[in-house]
2 protein chains.
Amino acid sequence: MHKMNSKNKTFIDKLRSSGLRPTNQRVEISKFLFNRKKTFHFTVEELKNSMNLKRSKKISTATFYNTVHALKSAGYLKEFSLENNTSYYDTNIKSHHHFFDNGKVIDIKSDKITFHKLPDAPKGKKIKNVEVVIRLENNN
Amino acid sequence: MHKMNSKNKTFIDKLRSSGLRPTNQRVEISKFLFNRKKTFHFTVEELKNSMNLKRSKKISTATFYNTVHALKSAGYLKEFSLENNTSYYDTNIKSHHHFFDNGKVIDIKSDKITFHKLPDAPKGKKIKNVEVVIRLENNN
DNA sequence: ACATACTTTAGAATAATTATAAACTAGTTA
DNA sequence: TAACTAGTTTATAATTATTCTAAAGTATGT
């Protein structure tokens, strides 16, 4: 009944240490999201479609939403927005920057951008983070 | 029947020069948006509610959406996104930056931020613009 | 194995936005 | 000025992304 390997173990620990029961669905989703070399950008619908396509037993929409929110709250995913009223998530949780190229998103490592001048936070506030979006267009 | 003054005239010309017929609704919305000292950030729903509150003859939801889109296409409004699946619009169309403070948005003039290092655009692409979001939190 | 709290699920509900197509109006032309 | 036509407005339906609900299922401690 139980298939267990060291990769799953990692995710089980990861989930458990965030107070999330390592259910089958959560482990499957975690494997899909985090077992990759490159960072991954996705919407919940995209995630659902690409995972369920190859599964006989589908995971429900609500579970994809629940799990993505849980992983975000646990700090394993970062949310960002484009101009299309959809939430995007990024498996790269380190503070970093983005190229936006007509709906395509490319990460820019934090150290690729440095500032010469930055404004102070308003009174009573402090800066949580600074993120840059570089919008691209075709060379003509 | 027709109330005309120099302020309306400005908007009528503005609309007409963008190929938009200066209908009553469009002129009213333009006045509301652009007759202000400070830049204005809003969602379409917020705009609709605040304008219709004081009107006996309401402007329809569809017209607010149509007009905001038209003004955006004509280059009089800029769209941006927060993390809540709603489109925000900004009457400040000059390239500039933002503080985001729990759903509140504050403009930062372009010259308040300068870069020491910026990455090159990927091959075949060029940089359209660079915008910074500084996320704020309370001081403790 | 039992109990219980946490999860998953299908489906309903909500929110923001877009589409539709009928009624209306601005600008043009006769 | 009357009539025409293309562009607009409007109420309403449709769509999309997301959240809610409550019943059925499952992980974990004892």
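Chain letters run A, B, ... following the sequence lines, proteins first, then strands; residues in each count from 1.
Regarding contacts with the backbone of dG27(C), a side-chain N or O of Arg16(B) is found under 4.0 angstrom from either OP1 or OP2. Between dG7(D) and Thr23(B), no contact under 4.0 Å exists linking OP1 or OP2 to a side-chain N or O. Applying the 4.0 Å criterion to OP1 and OP2 of dT17(C), one finds that His69(B) has every side-chain N and O outside that range. Contact annotation: Thr63(A) side-chain N/O to dT9(C) OP1/OP2 distance is under 4.0 Å. In this structure, Asn85(B) reaches the dT18(D) phosphate: one of its side-chain N or O atoms is under 4.0 Å from OP1 or OP2. For the pair Gln25(A) and dT9(C), the criterion of a side-chain N or O lying under 4.0 Å from OP1 or OP2 is met. At the phosphate of dC6(C), neither OP1 nor OP2 sits under 4.0 Å from any side-chain N or O atom of Arg26(A).
In this structure, Lys48(B) places its NZ atom 10 Å from C1' of dA16(C), rounding to the nearest Å. The distance between atom OH of Tyr89(A) and atom C1' of dA17(D), rounded to the nearest whole Å, is 11 Å. Rounded to whole angstrom, the span from the CD atom of Glu83(B) across to the C1' atom of dT18(D) amounts to 15 Å. The distance from atom CD1 of Ile12(A) to atom C1' of dT26(D) is 14 Å, rounded to the nearest whole Å. dA16(C) atom C1' lies 13 Å from atom CD of Glu46(B), rounded to whole Å. Arg21(B) places its CZ atom 5 Å from the C1' atom of dA26(C), with the value rounded to the nearest Å. Taking atom NZ on Lys57(B) and atom C1' on dT10(D), their separation rounds to 8 Å, with Å as the unit. With rounding to whole Å, Ile59(A) atom CD1 is found 15 Å from dT26(D) atom C1'.
Looking at Lys125(B) and Asn138(A), their side chains do bring a donor and an acceptor atom within 3.5 Å of each other. Counted by atom type alone, Tyr76(B) and Ser18(B) present one or more donor-acceptor pairs between their side chains at under 3.5 Å. Looking only at atom types and distance, the side chain of Lys94(A) has no donor-acceptor partner in the side chain of Ser110(A) under 3.5 Å away.
Under a 4.0 Å N-O distance rule, the pair Glu28(A)/Lys57(A) does not qualify as a salt bridge.
Non-hydrogen atoms lying under 4.0 Å from DNA chain C are contributed by nothing in residues 70-77 of chain A.
Side-chain proximity of Tyr65(A) to the nucleotides dA17(D), dA16(C), dG27(C) is greatest for dA17(D). Side-chain atoms of Thr86(A) lie closest to dA17(D) of the nucleotides dA16(C), dT10(D), dA17(D). Closest contact between the side chain of Asn66(A) and the listed nucleotides dT8(C), dT18(D), dT17(C) involves dT8(C).
The closest donor-acceptor contact from the side chain of Ser81(B) to the backbone of Leu82(A) lies under 3.5 Å. A donor-acceptor pair under 3.5 Å links the side-chain atoms of Lys117(A) to the main chain of Asp111(B), judged by distance alone.
Using a 4.0 Å heavy-atom distance criterion, Thr43(A) is classed as making no nucleic acid contact. Contact annotation for Lys58(A): backbone-only contact, meaning every heavy-atom pair under 4.0 Å involves sugar-phosphate atoms and none involves a base.
Residue Ala62(B) is the one, among Glu45(A) and Ala62(B), whose nearest nucleotide of DNA chain D lies closer to the 5' end (criterion: closest heavy atom).
Annotation: Lys126(B), atom NZ; neighbour count of heavy atoms from other residues, nucleotides and ligands within 6.0 Å is above 12.
Taking all atoms of both residues into account, the shortest heavy-atom contact from Pro119(B) to Ile127(B) is O-CD1, 4.0 Å.
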